[in-house]
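Report on the following structure.
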Amino acid sequence: MKAKRYSTEFKSSIVALHNEGRSANSLANEYPFGYANRH
């Protein structure tokens with residue numbers, strides 16, 4: 001199975017949300033990435 005590739009902009013927006021205080025679990029529930037990518 002081929003891994004999904006996310007754009008730099010998408011990854012930057014997720015990191016920005018996390019830096020603003022969003023938890024990894026909260027982001028993972030809202031955005032389409034797997035458990036292994038949450039930490």
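Throughout, residue positions are numbered sequentially from 1 according to the sequence presented.
One distance of note links CD of Glu30 with CG of Asn25; it measures 13.0 Å at 0.5 Å rounding. Rounded to the nearest 0.5 angstrom, Ile14 CD1 and Glu9 CD are separated by 12.5 Å.
The shortest side-chain heavy-atom distance between Tyr31 and Leu17 falls under the 4.5 Å cut-off.
A donor-acceptor pair under 3.5 Å links the side-chain atoms of Ser12 to the main chain of Thr8, judged by distance alone.
A continuous path of Ile, Leu, Val, Met, Phe, Trp and Tyr side chains, each step under 4.5 Å between heavy atoms, connects Phe10 with Leu27, placing both in one hydrophobic cluster.
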